[in-house]
S.K.: 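Quick one: the structure is below, and I'll ask about it shortly.
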Number of protein chains: 2
Amino acid sequence: MNTGTEAPRRTRIQQEKRELILEAALEVFSTNGFRGSTIDQIAEAAGMSKPNLLYYFRRKEDIHETLMQRLLDTWLAPLRELDDIGDPMTELRSYIRRKLEMARDFPRESRLFANEILQGAPRIMPLLAGELKTLVDEKAGVIKGWMRAGKIARTDPWHLIFSIWATTQHYADFDVQVRAVLGPNRGGDGRFEDAARFLEQLFLEGLKPKA
Amino acid sequence: MNTGTEAPRRTRIQQEKRELILEAALEVFSTNGFRGSTIDQIAEAAGMSKPNLLYYFRRKEDIHETLMQRLLDTWLAPLRELDDIGDPMTELRSYIRRKLEMARDFPRESRLFANEILQGAPRIMPLLAGELKTLVDEKAGVIKGWMRAGKIARTDPWHLIFSIWATTQHYADFDVQVRAVLGPNRGGDGRFEDAARFLEQLFLEGLKPKA
DNA sequence: CAAATTTTTGACCGATTGGACAAACGTTAG
DNA sequence: CTAACGTTTGTCCAATCGGTCAAAAATTTG
């Protein structure tokens, strides 16, 4: 009884199957990229036939778009939590730690974004120049405040944020390389603790205010 | 007059055309990934017909493989130059600078590798666990020596190398995002100088030996 | 129950893919 | 010139792609 103007009302089955498909699509898209993934692959991973999948998402792009929109909020949550009220060094430390935990616990989400950005972000460019830029600019302002107050060393807040993104996401996006280089011993489950220890030292020492 | 056992002897035309194809393939592969790229795209970018291209490279994978093998050396050259004899801080500074210059001057090469690693490195895994691991282990030893000599702060040399890779390559692989966030003013040509200044501060301060 | 609706499937379609192939064309050596 | 060789192209192919459609099956509703 959809009049066409209101938000789609979904049945229980539709809810469940759509979740199933999105979960499968996350797996497939994150390892093959958008163009490298096929509807058949996603359908098989979701345990259903291709026409059945297309009953829930009419086009391949719709799946990807839905995934992206849902994930962006999750992905930016740690930065949103970066707060003006706490101690700067403590805030930065927990931001780095949270980002690294996300790389460990949600590597597929990280790779999905990486794939998209790598290929020129054809489908999420507006979000980058809009929502993302706004958020980063705001947080850069917070960091600048800390610098003016002499709480942390003076540097470029934007590039500071970039470097935190780069170093933490590296452990999700380049996981294969990290493990290959570290080898079976150092590359085991402990690698995230090692990374956390290193990054904390690097950033906290590197940002200590000059006396 | 190829006897079949010796290295392929190539005519002048073969040399030139193969270079043309590899240049075109670098452009296409680095922006679409392997599976997302088509032989037709590469052929068109190289200004020739598809059967003509297949005369020089019999399979799509051969082009990719040749590209990878050629580029790995270039890509690792800065790390190879990291030398035991110079001043540690100076050596690290120029390593970071060289890596950042490569991100600026050869972004396609960086994206090609990123694409490959992101998708599980199906075609270059042996190189990672072999040649790459050997080189990194060796340089980690050099860095460890500096630490023992009290020239730089004690940390994990492997993760130090990872973080330098991550932060510098970020400016090639995530260039679209970097420019979108920085905006037209800060994201102009000067962004690499800003990045260089920031990274130098971060790493050199973060690695200062404790007194 | 039965009717209406939602879900699932097999068969199919045109477009695109990587690649094969023989014929045509160009070049060079004798 | 001519024969041999290297290069280029048009045509074709089987496989795979994203997506359609009608009909069957399952579920919900009255």
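Computed over heavy atoms, backbone and side chain alike; hydrogens, waters and symmetry mates excluded. Only a predicted model underlies this, so the values are computations on that prediction, with no experimental measurement involved. Chain identifiers are assigned alphabetically (A, B, ...) following the order of the sequence lines, protein sequences preceding nucleic acid strands; residue numbering begins at 1 within each chain.
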S.K.: Hey, could you give me each pair passing salt bridge (charged side-chain N to carboxylate O under 4.0 Å, His left out) that has a residue in residues 158-171 of chain B? Not counting sequence neighbours.
M.R.: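 Passing the test, one end in residues 158-171 of chain B: no pairs.
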
S.K.: Any carboxylate oxygen within less than 4.0 angstrom of a Lys/Arg side-chain nitrogen, looking at Arg108(A) and Glu23(A)?
M.R.: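 A salt bridge is present here (some side-chain N lies under 4.0 Å from a carboxylate O).
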
S.K.: Sequence neighbours left out, what pairs pass side-chain hydrogen bond (donor to acceptor under 3.5 Å, both in side chains) with at least one residue falling in residues 42-55 of chain B?
M.R.: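 Residue pairs passing side-chain hydrogen bond (donor to acceptor under 3.5 Å, both in side chains), neighbours aside: none found.
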
S.K.: Rounded to the nearest angstrom, tell me the gap between atom NZ in Lys60(A) and atom P in dC17(D).
M.R.: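 Interatomic distance, NZ of Lys60(A) to P of dC17(D): 9 Å.
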
S.K.: So does Gln14(A) get a side-chain nitrogen or oxygen closer than 4.0 Å to the phosphate oxygens (OP1/OP2) of dT6(C)?
M.R.: no

S.K.: Which is true for Tyr56(B) with a 4.0 Å heavy-atom rule: it touches a base, it touches only sugar-phosphate, or it touches nothing?
M.R.: sugar-phosphate

S.K.: Separation of Ile39(B) atom CD1 from dA15(D) atom C1', in whole Å?
M.R.: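 To the nearest whole Å, that distance equals 14 Å.
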
S.K.: Between Arg35(A) (CZ) and dT16(C) (C1'), how many Å, whole number?
M.R.: 10 Å

S.K.: Any idea which of dT17(C), dT7(D), dT7(C) is nearest the Tyr55(A) side chain?
M.R.: dT7(C)

S.K.: When you measure from the side-chain N and O atoms of Ser49(B) to the phosphate of dT9(D), is any distance below 4.0 Å, counting only OP1 and OP2?
M.R.: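 Affirmative; the distance criterion is met.
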
S.K.: To the side chain of Asp40(B), which of dT9(D), dC17(D), dT17(C) is closest?
M.R.: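 Looking only at heavy atoms from C-beta outward on Asp40(B), the closest nucleotide is dT17(C).
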
S.K.: Under 3.5 Å, which protein N or O atoms sit close to an N or O of nucleotides 20-29 of chain D? Give each pair with its distance.
M.R.:
residue : atom : partner  : partner atom : Å
dT28(D) : OP1  : Arg12(A) : NH2          : 3.3

S.K.: Can you see if the side chain of Asn52(A) gets near the phosphate of dT9(C) - specifically, an N or O under 4.0 Å from OP1 or OP2?
M.R.: yes

S.K.: Please list, chain by chain and in numerical order, all residues satisfying side-chain hydrogen bond (donor to acceptor under 3.5 Å, both in side chains) with Ser110(A), sequence neighbours excluded.
M.R.: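 Once residues adjacent in sequence are excluded, the partners of Ser110(A) under the side-chain hydrogen bond (donor to acceptor under 3.5 Å, both in side chains) criterion are Asp173(A).
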
S.K.: Tell me which pairs pass salt bridge (charged side-chain N to carboxylate O under 4.0 Å, His left out) where either residue lies in residues 135-145 of chain A, with sequence neighbours left out.
M.R.: Lys133(A)-Asp137(A)

S.K.: Over how many whole Å does the gap from Glu44(A) atom CD to dG18(D) atom P extend?
M.R.: 14 Å

S.K.: Considering only residues two or more places apart or on different chains, which pairs with a residue in residues 184-204 of chain B satisfy ring pair (Phe, Tyr, Trp, His ring centres under 6.0 Å)?
M.R.: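 For residues 184-204 of chain B: none.
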
S.K.: Can you list every pair that meets salt bridge (charged side-chain N to carboxylate O under 4.0 Å, His left out) and has a residue in residues 109-120 of chain B, with sequence neighbours left out?
M.R.: Glu116(B)-Arg123(B)

S.K.: Is there a residue in residues 19-28 of chain A whose heavy atoms reach under 4.0 Å of DNA chain D, and which residues are they?
M.R.: none

S.K.: In whole angstrom, give the distance that lies between atom NE2 of His64(A) and atom P of dG19(D).
M.R.: 14 Å

S.K.: Which ring pair (Phe, Tyr, Trp, His ring centres under 6.0 Å) pairs, counting each pair once, include a residue from residues 14-33 of chain A, with sequence neighbours left out?
M.R.: Phe29(A)-Phe34(A), Phe29(A)-His64(A)

S.K.: Give the rounded distance in Å between these two atoms: CD1 of Ile42(B) and C1' of dT16(C).
M.R.: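 The distance from CD1 of Ile42(B) to C1' of dT16(C) comes to 15 Å, rounded to the nearest Å.
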
S.K.: In whole angstrom, give the distance that lies between atom NZ of Lys17(B) and atom C1' of dT9(D).
M.R.: 12 Å

S.K.: Regarding Arg191(A) and Asp194(A), does a basic nitrogen lie under 4.0 Å from an acidic carboxylate oxygen?
M.R.: no

S.K.: Measure the distance from CG on Leu53(A) to P on dG10(C) and round it to the nearest whole Å.
M.R.: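 Taking CG of Leu53(A) and P of dG10(C), I get 15 Å after rounding.
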
